[in-house]
Colleague: 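Sharing a structure, written as structure tokens. Questions coming.
The shown structure was predicted, so the numbers you read here are calculated from the model rather than taken from an experiment.
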Amino acid sequence: MKKIFFILTAVVLFSCNDGKTGSSDTSERIDPDTISADTLPPGNLQEERDAVQTEKEVALSEVEPMKSNLGKYRKLVENKSAADCSCECIEISYNHATEWCIDKDKMYINAMCKKTGDNTADVYFVSASRESSPDRVLPWNEFDTNTPVATLTFQQDGSAELDWLGFSKNGEVVTDYALYGKKTLEGTYKKE
């Protein structure tokens with residue numbers, strides 16, 4: 001009986017000890033030297049990642065740029081189109097300058113739009129169009145014509161957001177005249 005007990009104990013001890021010192025050749029073991037950044041994950045995981053990427057690309061391609069953002073726009077005042085178009089409308093053209101109101105019945109400029117992206121454009125001062133008893137005479141000849149006075153962002157619903165930047169001289173906004181155009185032009189416009 002002692003022999004059987006001794007043999008069983010020896011088998012158990014040797015078998016447990018073998019697991020601690022032995023090496024395993026199972027497929028779960030990974031050699032850190034063979035891992036690289038371009039190692040692809042297992043089949044299903046990689047397919048899942050590809051599917052997610054494809055979904056993102058399809059979603060982005062469905063957001064189409066505005067087909068035509070040229071034309072006349074009327075400013076929205078309290079979410080309604082302005083009734084008076086004498087100083088509440090803008091015309092967007094990439095081919096020629098159009099007249100824009102700076103101060104109602106007093107000051108107008110010629111402005112030219114240049115497309116900067118699918119749904120964006122910059123507005124450039126070209127020249128003074130007409131003045132009639134302005135509160136303050138502006139030095140029109142000193143203003144830059146190659147620095148944007150405003151930016152336009154065209155929305156999917158057909159509206160346009162105008163952000164007035166101001167007149168510039170030597171690439172810097174002239175703070176003395178920064179408010180001219182801001183009150184009258186800045187805001188949301190709806191295409192007519």
Colleague: Once you round to the nearest 0.5 Å, how far does CG of N79 lie from NZ of K190?
Modeller: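 Between atom CG of N79 and atom NZ of K190 there are 10.5 Å.
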Colleague: Can you tell me how far apart CG (D122) and CG (L165) are? Round to the nearest 0.5 Å.
Modeller: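 CG of L165 is found 7.5 Å from CG of D122.
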Colleague: Could you walk me through whether E99 and S129 satisfy the side-chain contact (heavy atoms from CB on, under 4.5 Å) test, starting with their C-alpha distance in whole Å, then the side-chain angles of each, then the deciding distance to 0.1 Å, before giving a yes or no?
Modeller: CA-CA 7 Å; E99 188 174 72; S129 175; 2.4 Å; yes
Colleague: Would you check if the side chain of K75 reaches a backbone N or O of T184 as a donor-acceptor pair within less than 3.5 Å?
Modeller: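 Yes: the side chain of K75 pairs with the backbone of T184.
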Colleague: If you look at every heavy atom in K72 and C89, which pair is closest and at what distance?
Modeller: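 Heavy-atom minimum between the residues: CE-CB, 4.1 Å.
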Colleague: To the nearest 0.5 Å, how far apart are CD in E161 and CG in L76?
Modeller: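 Here the interatomic distance stands at 8.5 Å.
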Colleague: Going by heavy atoms in the side chains, are L70 and Y94 under 4.5 Å from each other?
Modeller: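 In short, these two side chains touch, coming nearer than 4.5 Å.
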Colleague: Under 4.0 Å between a side-chain nitrogen and a carboxylate oxygen: does that hold for E88 and K104?
Modeller: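 No, E88 and K104 are not salt-bridged.
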Colleague: List the atom of N119, the atom of Q156, and the distance in Å for their closest heavy-atom pair.
Modeller: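 Closest approach of N119 to Q156, heavy atoms only: ND2-NE2, 3.9 Å.
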Colleague: Say whether Y180 and V149 are linked into one hydrophobic cluster, either directly or through other cluster members, by side-chain heavy-atom distances under 4.5 angstrom.
Modeller: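 Yes: a chain of side-chain contacts under 4.5 Å links Y180 to V149.
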Colleague: Compare every heavy atom of A82 with every heavy atom of V77, then report the nearest pair and how far apart it is.
Modeller: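 Closest pair (atom of V77, atom of A82, distance): CG2-CB, 4.1 Å.
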Colleague: Measure across A150 and L162 and return the closest heavy-atom pair with its distance rounded to 0.1 Å.
Modeller: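 Closest approach of A150 to L162: CB-CD2, 4.1 Å.
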Colleague: Rounded to the nearest 0.5 Å, how far apart are CG of D163 and OG1 of T151?
Modeller: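 Reported value, rounded in 0.5 Å steps: 4.5 Å.
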Colleague: Y73 vs F154 aromatic rings, parallel, tilted or perpendicular, using cut-offs 30° and 60°?
Modeller: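 It falls in the tilted class, 30° to 60°.
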Colleague: Please name the pair of heavy atoms, one in K182 and one in W164, separated by the smallest distance, quoted to 0.1 Å.
Modeller: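 So the minimum-distance heavy-atom pair works out to N-CD1, 3.5 Å.
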Colleague: Evaluate K169 against Y177 for side-chain contact (heavy atoms from CB on, under 4.5 Å), listing each step before the verdict.
Modeller: CA-CA 11 Å; K169 182 178 179 182; Y177 311 110; over 6 Å; no
Colleague: How many angstroms lie between atom OH of Y189 and atom CD of Q155, to the nearest 0.5 angstrom?
Modeller: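 Between atom OH of Y189 and atom CD of Q155 there are 14.0 Å.
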Colleague: Would you call E192-R74 a salt bridge at under 4.0 Å N-O?
Modeller: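 Result for this pair is yes, salt bridge flagged.
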Colleague: Shared ILVMFWY cluster between V173 and I102, side chains joined below 4.5 angstrom?
Modeller: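 Unlinked, V173 and I102 end up in two clusters.
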Colleague: For Y124, is the NZ or CZ atom of K114 found under 6.0 angstrom from the centre of its six-membered ring and inside 45 degrees of the ring axis?
Modeller: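 The answer is yes, since K114 meets both limits relative to Y124.
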Colleague: Main chain of N146, side chain of D144: is a donor-acceptor contact present, judged purely on distance under 3.5 Å?
Modeller: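 Judged by distance alone, no pair lies under 3.5 Å.
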Colleague: To check you understand the geometry: which heavy-atom pair defines the closest contact between S93 and T98, and what is its length?
Modeller: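 Nearest pair, atom of S93 first, then T98: CB-CG2, 4.1 Å.
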Colleague: Among all residues two or more places apart in sequence or in another chain, which pass the side-chain hydrogen bond (donor to acceptor under 3.5 Å, both in side chains) test with T116?
Modeller: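 Only T120 meet the side-chain hydrogen bond (donor to acceptor under 3.5 Å, both in side chains) criterion with T116.
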Colleague: Compute the centroid of each ring, for F167 and then for F125, and state whether the two points are separated by less than 6.0 Å.
Modeller: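 Yes; F125 has its ring centre under 6.0 Å from that of F167.
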Colleague: Using 0.5 Å steps for rounding, measure from the CG atom of D103 to the CG atom of L179.
Modeller: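 Atom-to-atom, D103:CG and L179:CG are 11.5 Å apart.
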Colleague: Looking only at the side chains, is there a donor atom on one of E91 and W100 sitting less than 3.5 Å from an acceptor on the other?
Modeller: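 Not at all, the side chains of E91 and W100 share no donor-acceptor pair under 3.5 Å.
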Colleague: Between M112 and S127, is the side-chain contact (heavy atoms from CB on, under 4.5 Å) condition met? List the steps.
Modeller: CA-CA 10 Å; M112 180 78 161; S127 64; over 6 Å; no
Colleague: Taking the side chain as everything from C-beta on, heavy atoms only, tell me whether F143 gets closer than 4.5 Å to I109.
Modeller: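 In short, these two side chains do not touch, never coming nearer than 4.5 Å.
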